[in-house]
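Working notes, beginning with the structure itself.
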Amino acid sequence: LVTYNYFYRPYQQHGSKAVFYHAENQYVETLIEAGVVGLGLLLAALLLAAITVLRLSRSRLTGKADGVACVGLFVLVTQATHGFLDFGLYLPANMLTMAVLMGAVSGRAVRKLANASGNWYFALPSLQPRVVFALFSILLIGNSVLGWIELSRAAIADDAVFEARHLDDDNATTADYRARIKQLLKAIDHRPDDVELHLHLADIYMRLYGLQTRELIVEQLPEGRELTEDQLRALSSISELYRRVCQMEQAGLVTQVERMRADPLIQETLIPARSALLAAQSACGWLPQVELYLSYLSVLAEPAQQRIN
C-alpha cells in the first residue's frame, strides 16, 4: 500500500517536480496498489456494511428516527461516493472515524436483530468481558509498541532525506557530502528496504563525484584558462563519463577504460552509488530515474554485467 507514486511515474507524460502520492479515486488506487484481490476486499467490506445498515433500518424493532441507523447510512453513502473523487479512506482520521461509526452500527444490528431472527450470521461467539478486555489490551499494547518502533525509524529516515534534499551544491564541501552519506547509511540500517533512502544515497554519491571532479579539472587547467560553472558541471557529469568510456571502448582503449574504473575517486563515489541504485531497483522496479542512472553507470561494471541501455 501507499506505493501509487512509484507506479504512476512511468506513465507520467509531462515533466513535473510534484510527487503524486495518491490517485483522486479510492477504487482506482486500491486496484493499482492491491490488485483485484484488494479491490474485491474493499468492495466486499462496503457491501457487508450496506447489508447491515439496510437490515437495521428496515427492522421492525428500529424506529424511523433511530440515530445509529441514520448515521450508518450517511457514513456509508458519503464515503462510498466520495471515494470516486478522492482518497479519503487513506487518511487515518477518516478511516478510524468510519471504522468506529460502522462498528457501532454493526454492534447495534447484532443486538437488535439477533433476538428477532434467532440467528445473526455476522455475530461472533460470545466471550467473557474480562477475556475480551485482556485480548484487546494485549493487541493494543503490541500494536502501539510496533507503531512506535516504526515511527522512530521513519523519523530517522525523514530527517536523512530532508538533509539530503536541502544540501546546497553551490556551498557544500566534501565534508558536508560525507556527513549526509553517513546519515543516510545510518537510516538505511533501520529501513533497508526504503527506496527513497537508497535513491538519495546514490544521488549524494554522484554529487560528491561531481564536486571532486570539478576540483580536479580546475587544478589541471592551464594557467590563464577558465571554465564557466556550467561547463564544469557538464564535464563532471555522469553522462559525460558515460560518453568518454563509450568512445574509449569503441577505439579499443581497453587499458585506459580499466584504469578509469579503478580510479580511487570512482571507487569511492560512483561504485557505491551504483550499489545504492541497484538496491533501490530491487526494492521498487518502477522508477525511471533509477534506470536512467544505472544506464549511465553501467560503463563502470565488468563487461559481463554490462550494459543497461
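Computed from heavy atoms alone, side chains included, the values below leave out hydrogens, waters and symmetry copies.
Judged by distance alone, the side chain of Q247 and the main-chain N or O of R244 form no donor-acceptor pair under 3.5 Å. Panel note: side chain E29, backbone H22; no donor-acceptor pair is recorded below 3.5 Å. Between the side chain of Q26 and the backbone N or O of L85, no donor-acceptor pair lies under 3.5 Å. Between the side chain of T81 and the main chain of T78, no donor-acceptor pair closer than 3.5 Å is present. Side chain of S144 to backbone of L140: a donor-acceptor contact under 3.5 angstrom is found. A donor-acceptor pair is defined here as one N or O able to donate and one able to accept, closer than 3.5 Å; such a pair exists between the side chain of R261 and the backbone of V299. At least one donor-acceptor pair under 3.5 Å links the side chain of S295 to the backbone N or O of L292.
Between the CD1 atom in I238 and the CZ atom in R274 there is a gap of 12.5 Å [rounded to 0.5 Å]. Once rounded to the nearest 0.5 Å, the distance linking CG of D170 with CD of E229 reads 6.5 Å. Here the CZ atom belonging to R233 is positioned 13.5 Å from the CG atom belonging to L227, to the nearest 0.5 angstrom. We find the OG-CG distance between S275 and L201 to be 9.5 Å, quoted to the nearest 0.5 Å. To the nearest 0.5 Å, atom OG1 of residue T213 and atom CG of residue L232 are 10.5 Å apart. To the nearest 0.5 Å, the span separating CG on L91 from OG1 on T97 amounts to 10.5 Å.
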(request) Take L300 and L297 through the side chain to side chain contact (heavy atoms under 4.5 Å, CB included) test and state the conclusion after the steps. (result) CA-CA 6 Å; L300 303 179; L297 298 183; 4.0 Å; yes
(message) Could you go through Y209 and L241, starting from their C-alpha distance and side-chain angles, then the distance that decides it, and tell me whether this counts as side chain to side chain contact (heavy atoms under 4.5 Å, CB included)?
(response) CA-CA 11 Å; Y209 163 80; L241 174 68; 4.0 Å; yes
(request) Apply side chain to side chain contact (heavy atoms under 4.5 Å, CB included) to the pair Y242 and S298, showing each step before the final yes or no. (result) CA-CA 8 Å; Y242 179 86; S298 64; 4.2 Å; yes
(request) Show your working on salt bridge (charged side-chain N to carboxylate O under 4.0 Å, His left out) between R243 and E249 and close with a plain yes or no. (result) CA-CA 10 Å; R243 185 188 66 80; E249 287 182 338; over 6 Å; no
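Taking 4.5 Å as the limit, every side-chain heavy atom of L47 sits out of range of all side-chain heavy atoms of L43. Put simply, the side chain of M98 does not reach to within 4.5 Å of the side chain of L101, judged on heavy atoms. Looking only at side-chain heavy atoms (C-beta outward), D263 and R259 stay at 4.5 Å or farther from each other. Looking only at side-chain heavy atoms (C-beta outward), V195 and V290 stay at 4.5 Å or farther from each other. Put simply, the side chain of N25 does not reach to within 4.5 Å of the side chain of F87, judged on heavy atoms. For the pair Q281/L287, no side-chain contact is recorded, criterion being any heavy-atom separation below 4.5 Å from C-beta on. For the pair T30 and Y90, the minimum side-chain heavy-atom distance is below 4.5 Å.
Taking the side chain to side chain donor-acceptor pair (under 3.5 Å) definition, one finds that S137 meets it with nothing, sequence neighbours left out. R178 pairs by the salt bridge (Lys or Arg N to Asp or Glu O under 4.0 Å) definition with E268, not counting sequence neighbours.
Linking Ile, Leu, Val, Met, Phe, Trp and Tyr whenever their side-chain heavy atoms come within less than 4.5 Å leaves Y293 and L211 in two separate clusters. One hydrophobic cluster, built from ILVMFWY side chains closer than 4.5 Å, holds both V257 and Y296. Residues F136 and V145 are members of separate hydrophobic clusters, defined by side-chain heavy-atom contacts under 4.5 angstrom among Ile, Leu, Val, Met, Phe, Trp and Tyr. I149 and L197 fall into different hydrophobic clusters, where Ile, Leu, Val, Met, Phe, Trp and Tyr side chains are chained together by heavy-atom contacts under 4.5 Å. Both L76 and L39 belong to a common hydrophobic cluster when Ile, Leu, Val, Met, Phe, Trp and Tyr are linked at side-chain heavy-atom distances under 4.5 angstrom.
Residue L96 belongs to a hydrophobic cluster whose other members are M95, with links defined by side-chain heavy atoms closer than 4.5 Å. When hydrophobic side chains of Ile, Leu, Val, Met, Phe, Trp and Tyr are connected at separations under 4.5 Å, I156 ends up as a singleton with no cluster partners.
Side chain to side chain, T173 and D176 meet the donor-acceptor criterion of an N or O pair below 3.5 Å.
Remark: of the listed residues M260, E240, Q256, Q250, M260 is the sole one forming a side chain to side chain contact (heavy atoms under 4.5 Å, CB included) with V245. Residue S236 forms a side chain to side chain contact (heavy atoms under 4.5 Å, CB included) with just one option from M206, R214, Q231, and that option is R214.
For E226, the CD atom is loosely surrounded, since the number of other residues' heavy atoms within 6.0 Å does not exceed 12.
Applying the side chain to side chain donor-acceptor pair (under 3.5 Å) rule to pairs touching residues 194-203 yields Y6-E196, R165-H200, R191-D194, D203-R207, sequence neighbours excluded.
Closest heavy-atom contact between V53 and A69: CG1-O, 4.1 Å.
Ring geometry, Y27 versus F84: the interplanar angle falls from 30° to 60°, so the pair is classed tilted.
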Side chains of residues 180-187: which donor-acceptor partners sit under 3.5 Å, not counting sequence neighbours?
{"from": "R180", "atom 1": "NE", "to": "E163", "atom 2": "O", "distance (Å)": "3.4"}

